[in-house]
Colleague: 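Got a structure for you, written out below as structure tokens; questions coming shortly.
This is a predicted model, so every value here is computed, not measured.
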Amino acid sequence: MRPFELTAPPTVEAALASPGTFLAGTTLVDLMKLNVLKPQQVLDINELPLRGIDTSDGLRIGALERMSDVAEHAGVYPAISRALLQSASQQLRNMASIGGNLLQRTRCTYFRDVATPCNRREPGSGCPAISGANRMHAVLGTSDSCVATHASDLAVALVALDAELRLVSATGSRTVKLADFYRLPGETPEVETDLRPGELIGEVLVPRLDWAARSTYVKVRDRQSYEFALCSVAVALDVQDSRIVDARVAAGGVATVPWRLPAVEDALRGAPATLASFEDAASVAADGARPLSGNGFKVSLLKRTVVRALLELTEGSRL
């Protein structure tokens, strides 16, 4: 780790006016230890008043709320709570912030190894994962410049539920849909989000959705303890008289950003809540996938995980 100056701005205004890199949890320190990030000035923002959980009309979550506190809050939709509880160890959930989780960087081993090329870390240097060790990498939303998966479990659940972010700056605030906040790699994989210089995530806004009480998050991983997803699916269902009226579906672990599945949602609407309907809807989940040499299994895994999540919300998992 390189030497750096640590300060703690007393107000949001002071933080936004100060040059440096924001520290709110654990990810920044990890990347500094690996020399992936080498900020000269670090701003500890943990004491800023960006907290609170409000469920009076939809859901508002302050960016500095801890993951464990949000997961345990009674008014949080099940898909969000389950995504948080499966995100990390209890110790990390007690430390990590909601905003920091949404801004965490990829766990691609090439990105985190400064001895190897990586277009996200050094634009134009190449992406060795395309022809290298790529079992954990993306099959959706990839480009010839990057195939790294997005790491956040929480973001998948929030994208499924149409969440927005309120971003604050010295000149005011703006609201952006979380699904639009994340950038596909294209030819500029180093630009990962729509966060502009001098902006902070102020809060997460989830619109009221009464039937999101019937929601879940299913995560498939190599081990049940602290591990990142091979594939995950967040689902919310509105089922009336054994027929699906509406659905929200998003996937993680298989794409370069949290991946909404509108074709699956369209196939579910109006269909009976049966295994056959779930399998039919899931058959289009991986449309457009570009498997690599080591991750072709993710195509079928995604379809099966969609079905498993749907069954969990209706008659119980049989996969």
Colleague: Return yes if some donor-acceptor pair links the side-chain N/O of Thr106 with the main-chain N/O of Thr149 below 3.5 Å, else return no.
Modeller: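 Here the side-chain-to-backbone pair exists.
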Colleague: About how many Å separate CG of Leu158 and CG of Leu178, when rounded to the nearest 0.5 Å?
Modeller: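 Reported to 0.5 Å precision, the distance equals 6.0 Å.
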Colleague: Is there side-chain contact between Ile80 and Leu161, with heavy atoms separated by less than 4.5 Å?
Modeller: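 In short, these two side chains touch, coming nearer than 4.5 Å.
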Colleague: Which value, rounded to the nearest 0.5 Å, describes the distance between Ile45 atom CD1 and Leu50 atom CG?
Modeller: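 If I round to the nearest 0.5 Å, the distance is 6.5 Å.
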Colleague: Measure the CG-CG distance between Leu268 and Asp246 for me, rounded to the nearest 0.5 Å.
Modeller: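 So the CG of Leu268 and the CG of Asp246 are separated by 9.5 Å.
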Colleague: Under 4.0 Å between a Lys/Arg side-chain N and an Asp/Glu carboxylate O for Glu192 and Arg183?
Modeller: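 No.
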Colleague: For Arg60, is there an ion pair with Glu203 - N to carboxylate O distance below 4.0 angstrom?
Modeller: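 Looking at Arg60 together with Glu203, the answer is yes, because their closest N to O distance falls below 4.0 Å.
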Colleague: Testing Phe181, Trp259, Tyr182 one by one against His150 for a ring pair (Phe, Tyr, Trp, His ring centres under 6.0 Å), which residue passes?
Modeller: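 Exactly one pass, corresponding to Tyr182.
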Colleague: Do side-chain atoms of Glu164 reach the backbone of Leu205 as a donor and acceptor pair under 3.5 angstrom?
Modeller: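 Not a single qualifying donor-acceptor pair exists.
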Colleague: Do Phe297 and Val299 touch side chain to side chain, with heavy atoms closer than 4.5 Å?
Modeller: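 Phe297 vs Val299: side chains apart.
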Colleague: For the pair Arg221 (side chain) and Gln224 (backbone), establish whether a donor and an acceptor sit closer than 3.5 Å, ignoring hydrogens and angles.
Modeller: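 Side chain of Arg221 to backbone of Gln224: a pair is present.
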Colleague: Take a 6.0 Å sphere around CD of Gln41 and say whether it holds more than 12 heavy atoms from other residues, nucleotides or ligands.
Modeller: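 Counting neighbours around CD of Gln41, more than 12 heavy atoms of other residues, nucleotides or ligands fall under 6.0 Å, so yes.
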Colleague: Roughly how far, to the nearest 0.5 Å, is the NE2 atom of His73 from the OG atom of Ser68?
Modeller: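 With rounding to 0.5 Å, OG (Ser68) is 12.5 Å from NE2 (His73).
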Colleague: Quick check: do Val114 and Leu34 have side-chain heavy atoms less than 4.5 Å from each other?
Modeller: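 SC-SC contact between Val114 and Leu34 ruled out.
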Colleague: Charged N to carboxylate O below 4.0 Å: is that the case for Arg248 and Glu265?
Modeller: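 No salt bridge links Arg248 with Glu265.
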Colleague: Do the side chain of Tyr110 and the main chain of Ala133 share a donor and acceptor less than 3.5 angstrom apart?
Modeller: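 Answer holds: yes.
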Colleague: Please determine whether the number of non-hydrogen atoms from other residues, nucleotides or ligands lying under 6.0 Å from atom CD of Glu227 exceeds 12.
Modeller: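 Count over threshold, so yes.
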Colleague: So if I apply the side-chain contact (heavy atoms from CB on, under 4.5 Å) rule between Arg112 and each of Arg107, Arg105, Arg121, which one comes out positive?
Modeller: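 Result for side-chain contact (heavy atoms from CB on, under 4.5 Å) with Arg112: Arg107.
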Colleague: Is the shortest heavy-atom distance from the side chain of Pro117 to the side chain of Glu122 under 4.5 Å?
Modeller: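 In short, these two side chains do not touch, never coming nearer than 4.5 Å.
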Colleague: Is the backbone of Ser277 close enough, under 3.5 Å, to the side chain of Thr274 for a donor and an acceptor to pair up by distance?
Modeller: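 A pair under 3.5 Å: yes.
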Colleague: Using modelled atom types only, decide if a donor and an acceptor are shared between the side chain of Thr21 and the backbone of Pro39 within a distance under 3.5 Å.
Modeller: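 No; judged by distance alone, with no hydrogens or angles, the pair does not exist.
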Colleague: Going hydrophobic residue to hydrophobic residue with side-chain gaps under 4.5 angstrom, can you get from Leu16 over to Leu23?
Modeller: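 In one cluster with Leu16: Leu23, no.
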Colleague: If you measure only the distance, is there a donor-acceptor pair under 3.5 Å linking the side chains of Arg82 and Thr216?
Modeller: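 Judged by distance alone, the side chains do pair up.
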Colleague: Side-chain contact test, heavy atoms from C-beta onward, threshold under 4.5 Å: evaluate it for Lys298 versus Pro291 and give yes or no.
Modeller: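 No. Closest side-chain heavy atoms not under 4.5 Å.
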Colleague: Any side-chain heavy atom of Phe111 within less than 4.5 Å of one from Val36?
Modeller: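 A side-chain contact exists here, since the closest heavy-atom pair is under 4.5 Å.
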Colleague: Do Val147 and Thr256 come within less than 4.5 Å of each other through their side chains, counting heavy atoms only?
Modeller: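 Val147 vs Thr256: side chains apart.
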Colleague: Please check this pair: side chain of Arg93 against backbone of Leu85, looking for a donor-acceptor N/O pair closer than 3.5 Å.
Modeller: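 Side chain of Arg93 to backbone of Leu85: a pair is present.
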Colleague: For the pair Glu279 and Lys303, find out whether any cationic side-chain nitrogen is under 4.0 Å from an anionic carboxylate oxygen.
Modeller: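 Salt bridge flag = no for Lys303 with Glu279.
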Colleague: Flag yes if more than 12 heavy atoms outside Glu72 fall under 6.0 Å of its CD atom; otherwise flag no.
Modeller: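 Buried by this count: over 12 neighbours within 6.0 Å.
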Colleague: Roughly how far, to the nearest 0.5 Å, is NZ of Lys33 from CE of Met1?
Modeller: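 It comes to 6.0 Å.
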Colleague: Would you say the side chains of Arg66 and Asn46 form a donor-acceptor pair under 3.5 Å?
Modeller: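 Side-chain D/A pair, Arg66 to Asn46: present.
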Colleague: Please determine if Asp222 and Arg135 form a salt bridge, counting it only when a charged side-chain N lies under 4.0 Å from a carboxylate O.
Modeller: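 Salt bridge present between Asp222 and Arg135.
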Colleague: So that I can tick it off, tell me whether Asp238 and Arg214 are bridged by a salt bridge, with the cut-off set at under 4.0 angstrom between side-chain N and carboxylate O.
Modeller: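 No.
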Colleague: For the residue pair Asn134 and Ser293, confirm or rule out a side-chain donor-acceptor distance under 3.5 Å.
Modeller: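 There is such a pair between these side chains.
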Colleague: Measure the shortest side-chain to side-chain distance between Val264 and Val284 over non-hydrogen atoms and say whether it is less than 4.5 angstrom.
Modeller: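 Counting from C-beta outward, Val264 and Val284 do come under 4.5 Å.
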Colleague: Rounded to the nearest 0.5 Å, how far apart are CG of Leu48 and CD of Glu13?
Modeller: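 Rounded to the nearest 0.5 Å, the CG-CD separation comes to 9.0 Å.
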Colleague: Could you go through the salt bridge (charged side-chain N to carboxylate O under 4.0 Å, His left out) check for Asp144 and Arg290 one step at a time?
Modeller: CA-CA 11 Å; Asp144 293 338; Arg290 296 174 58 191; 3.3 Å; yes
